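Predicted, not measured: the structure shown is a model, and the values here were computed from it. Sequence positions, counted from 1, serve as the residue numbers for this chain.
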Amino acid sequence: MKKLHTIPSTLDGVVLLDPPRLSDARGMFRPVFAQRLHADAGYDHQWAEVNLSHTKQGCVRGLHFQQPNSQAKLISVVDGTIFDVVVDLRPDSATFGKWESFTLSASDTAHPSQIYIPEGFAHGLATPQGPATIAYLVSRQWDPDSEHALLWNDPELAIAWPINQPELSPRDQAGTTLAELKRILKPGG
């Protein structure tokens, strides 16, 4: 099998991944995760959980993170296309409080299908073009006591979401602001 194609982002450690896609008259095949393939590209994790999320069109999920017990994540779009957002919440990082967005797609070969997000980041996604199914591997188990949401429309972040009035969960509507997090997250801590 071909190698995993990697595309670095402007946020240290966040990398777009595009596993090889094999197509024939029957359809398409690509690995969601292959230990050897991902390890050869430098992403050799012991994953604690594999989760599946299906999101209908017009929704925003996130921006989610765990603190403490931060998780590295490997997000893979299984079906559809998403607008994916990552926010750096590492207090010692030169890009603390910065965000970057990406288009990830299961079938559109113009866009990668995966993103690797190291520990210390908030993650969110939107489904502006239709429903999408996402598989995500996480390095630590879900811990409800460590789970938080950064406010998706925080004016300080000013994320250019492609949906003006998305459907949100109550938790995401009540997320904390980056200004509030800055008071809690201290460099070196």
Side-chain angles (χ1 to χ4, degrees), residues 7-11 13-19 21 28 30 32 49-67 70-90 95-138 142 144 146-182 185:
I7 307 160
S9 77
T10 62
L11 302 173
V14 175
V15 179
L16 295 164
L17 305 171
D18 207 12
R21 302 172 199 224
M28 185 269 300
R30 72 176 163 85
V32 171
E49 292 181 359
V50 179
N51 302 299
L52 191 67
S53 169
H54 181 77
T55 305
K56 68 182 188 177
Q57 183 174 354
C59 295
V60 167
R61 288 187 184 266
L63 301 153
H64 300 151
F65 64 99
Q66 282 192 183
Q67 181 66 30
S70 186
Q71 299 170 312
K73 297 178 180 179
L74 178 63
I75 308 293
S76 184
V77 180
V78 176
D79 186 44
T81 299
I82 64 171
F83 176 84
D84 201 76
V85 177
V86 181
V87 182
D88 190 345
L89 298 180
R90 302 169 299 174
T95 56
F96 174 73
K98 304 293 184 207
W99 62 273
E100 192 168 357
S101 64
F102 312 92
T103 299
L104 302 178
S105 179
S107 58
D108 182 352
T109 57
H111 299 288
S113 62
Q114 293 184 340
I115 186 168
Y116 171 78
I117 306 166
E119 292 181 9
F121 287 82
H123 173 257
L125 63 91
T127 50
Q129 300 175 15
T133 302
I134 300 97
Y136 56 103
L137 290 74
V138 293
W142 175 62
S146 296
E147 187 177 51
H148 304 281
L150 182 61
L151 188 61
W152 72 281
N153 62 349
D154 183 343
E156 184 175 352
L157 291 171
I159 296 171
W161 293 99
I163 304 171
N164 292 327
Q165 296 182 340
E167 187 169 334
L168 299 158
S169 72
R171 178 181 66 140
D172 292 346
Q173 290 175 23
T176 189
T177 64
L178 184 60
E180 291 167 338
L181 280 178
K182 286 178 180 177
L185 302 173

Heavy-atom donor-acceptor pair, Glu167 side chain to Gly58 backbone, under 3.5 Å: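 Not confirmed, Glu167 side chain does not pair with Gly58 backbone.
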
- Message: Please evaluate residues Thr176 and Glu180 with respect to the criterion side chain to side chain donor-acceptor pair (under 3.5 Å), reporting the C-alpha separation (whole Å), side-chain torsions for both, the decisive distance (0.1 Å), and the verdict.
- Response: CA-CA 6 Å; Thr176 189; Glu180 291 167 338; 2.4 Å; yes

- Item | Residues that Val14 engages under side chain to side chain contact (heavy atoms under 4.5 Å, CB included), provided they are two or more places apart |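 For Val14 the side chain to side chain contact (heavy atoms under 4.5 Å, CB included) partners, ignoring immediate neighbours, are Ser9, Leu11, Val86, Phe102, Ile115, Pro118, Phe121.
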
Side chain to side chain contact (heavy atoms under 4.5 Å, CB included) partners of Asn51, counting only residues at least two apart: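 Partners of Asn51 under the side chain to side chain contact (heavy atoms under 4.5 Å, CB included) test: Glu49, Tyr136, Val138.
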
What's the spacing between [X] [atom1] and [Y] [atom2] if we round to 0.5 Å?
{"X": "Leu150", "Y": "Leu181", "atom1": "CG", "atom2": "CG", "value": "5.5 Å"}
{"X": "Ser105", "Y": "Asp18", "atom1": "OG", "atom2": "CG", "value": "9.5 Å"}
{"X": "Ser76", "Y": "Leu104", "atom1": "OG", "atom2": "CG", "value": "8.5 Å"}
{"X": "Leu157", "Y": "Leu178", "atom1": "CG", "atom2": "CG", "value": "5.0 Å"}
{"X": "Gln71", "Y": "Ile117", "atom1": "CD", "atom2": "CD1", "value": "10.5 Å"}
{"X": "Glu100", "Y": "Leu16", "atom1": "CD", "atom2": "CG", "value": "7.5 Å"}

Looking only at heavy atoms, which two atoms of [X] and [Y] are closest? And how far apart?
{"X": "Trp142", "Y": "Glu147", "answer": "NE1-OE2, 3.0 Å"}
{"X": "Trp99", "Y": "Ala160", "answer": "CH2-N, 3.6 Å"}
{"X": "Ser70", "Y": "Gly120", "answer": "OG-N, 2.8 Å"}
{"X": "Gly13", "Y": "Tyr116", "answer": "O-CD2, 3.5 Å"}
{"X": "Gly124", "Y": "Leu63", "answer": "N-CD2, 3.6 Å"}
{"X": "Trp152", "Y": "Ile159", "answer": "O-CD1, 4.2 Å"}

Would you indicate whether the side-chain heavy atoms of Ile134 and Ile75 approach each other to under 4.5 Å?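 Yes. Closest side-chain heavy atoms under 4.5 Å.
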
Holding to salt bridge (charged side-chain N to carboxylate O under 4.0 Å, His left out), I want the full list of residues that pass it with Arg30, two or more places apart in sequence or in another chain.
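Salt bridge (charged side-chain N to carboxylate O under 4.0 Å, His left out) list for Arg30, sorted by chain: empty.
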
List the steps and the verdict of side chain to side chain donor-acceptor pair (under 3.5 Å) for His64 and Asp172. CA-CA 8 Å; His64 300 151; Asp172 292 346; 2.7 Å; yes

Practice prompt. Show the numbers, then the answer: is there a salt bridge (charged side-chain N to carboxylate O under 4.0 Å, His left out) between Glu119 and Lys73?
Written response: CA-CA 8 Å; Glu119 292 181 9; Lys73 297 178 180 179; over 6 Å; no

When you look at His111 and Thr81, which way does the side-chain contact (heavy atoms from CB on, under 4.5 Å) test go after all the steps? CA-CA 9 Å; His111 299 288; Thr81 299; 5.6 Å; no

Can you run down the side chain to side chain donor-acceptor pair (under 3.5 Å) pairs that involve residues 153-163, sequence neighbours left out, and say none if there aren't any?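 Pairs touching residues 153-163 that pass the test: Glu156-Lys182.
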
(Q) Can you pull out every side chain to side chain donor-acceptor pair (under 3.5 Å) where at least one residue sits in residues 123-133? Sequence neighbours excluded, please. (A)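 Non-adjacent pairs meeting side chain to side chain donor-acceptor pair (under 3.5 Å): His54-Thr133, Asp84-His123.
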
Taking only residues two or more places apart in sequence or in another chain, which ones pass side chain to side chain donor-acceptor pair (under 3.5 Å) with Ser146?
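Expected list: Asn69, Asp143.
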
